[in-house]
Amino acid sequence: MAIPKGLDPTGVILADKPAGISSFAVVSRVRSRTRAKTGHAGTLDPFATGLLVLLSGRATSVQDRFMKLDKRYVTEIDLSERTTTGDSEGEAVEARVPPATDELEHALDELRGEVELPIPAASAVKIDGERAYRLHRRGVAVEMPTRVMRIHELELVSYADGIVALDLLVGSGTYIRSIADRLGGHCVALRRTEIGPFSVDEADEERVLALEETLLRLAGAR
């Protein structure tokens, strides 16, 4: 079946992705209903939940303006074990004794601002022309490149039994799994709550926000 490429409806759709499916499954579901060309402003890992900004019809032509927006996440990180992917889907590579609270707070201080971190192996970054996650699935070991990631806000919400809950506002291109790995653990839960001025509380896959309205919101958020 051909992929729909209609230009109507034109606008922005906010979706709340559940765990266990890909972001592209949500895009496909919406596109099948609207029969319009549909893009996205950043995906989520299958285990993650939360806000997806979908662009419908002519809105796909301004995708770059949405891709560069800051994003807010809440996450839970198990500090007793590192994994190959930075989440629960990877293989364990190192068991650790979770740090004391003061040690954890010091580690968090070092992550605030701009920090250079390795990109996770299970990511869409291309290595010699091939997606890193495909190499990872085949068991091909590669040295992942690093990236300067921007962490504007980093709040310790709770810490008990080796599990730390964090609330983060980060720049585009920042991997929460990279942050988890730097802290010596792996993500066990991850939810995106905001993208720029848009909140997951507004999510409704059947509602199309007018493109003009959303662009005004972008301008007002600067």
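In this chain, numbering begins with 1 at the start of the sequence shown. What you see is a predicted model; the values in this text were computed from it and never measured.
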| field | Close side-chain approach of R192 and L190, heavy atoms under 4.5 Å | value | no
| Heavy-atom side-chain proximity of F66 to I195 below 4.5 angstrom | no
Donor-acceptor check, side chain of [X] to backbone of [Y], threshold 3.5 angstrom: yes or no?
X	Y	answer
T84	G90	no
K17	P46	yes
S80	D78	no
S32	S28	yes
R65	L218	no
R207	E202	yes

Work out which heavy atom in [X] is nearest to a heavy atom in [Y]; give both atom names and the distance.
X	Y	value
P197	L69	CD-CD1, 4.4 Å
R182	P118	NH2-CD, 4.4 Å
R177	F47	CD-CE2, 4.3 Å
L209	R217	CD1-NH1, 4.4 Å
M149	S178	CE-OG, 3.6 Å

| Is it true that the side chains of R191 and T49 contain a donor and an acceptor less than 3.5 Å apart? | yes
Would you be so kind as to tabulate the donor-acceptor pairs closer than 3.5 Å made by side chains of residues 108-116, with sequence neighbours excluded?
residue, atom, partner, partner atom, Å
D109, OD1, R112, NH1, 2.5
E110, OE2, H106, NE2, 3.2
R112, NE, L154, O, 3.1
R112, NH2, L154, O, 2.6
E116, OE2, T146, OG1, 2.5

Tell me which donor-acceptor pairs under 3.5 Å the side chains of residues 51-63 have, and how far apart each pair is, sequence neighbours excluded?
residue, atom, partner, partner atom, Å
S56, OG, P9, O, 2.5
R58, NH1, L7, O, 3.4
R58, NH1, D8, OD1, 3.4
T60, OG1, G57, O, 2.9
S61, OG, R58, O, 2.7
Q63, NE2, H40, O, 2.7

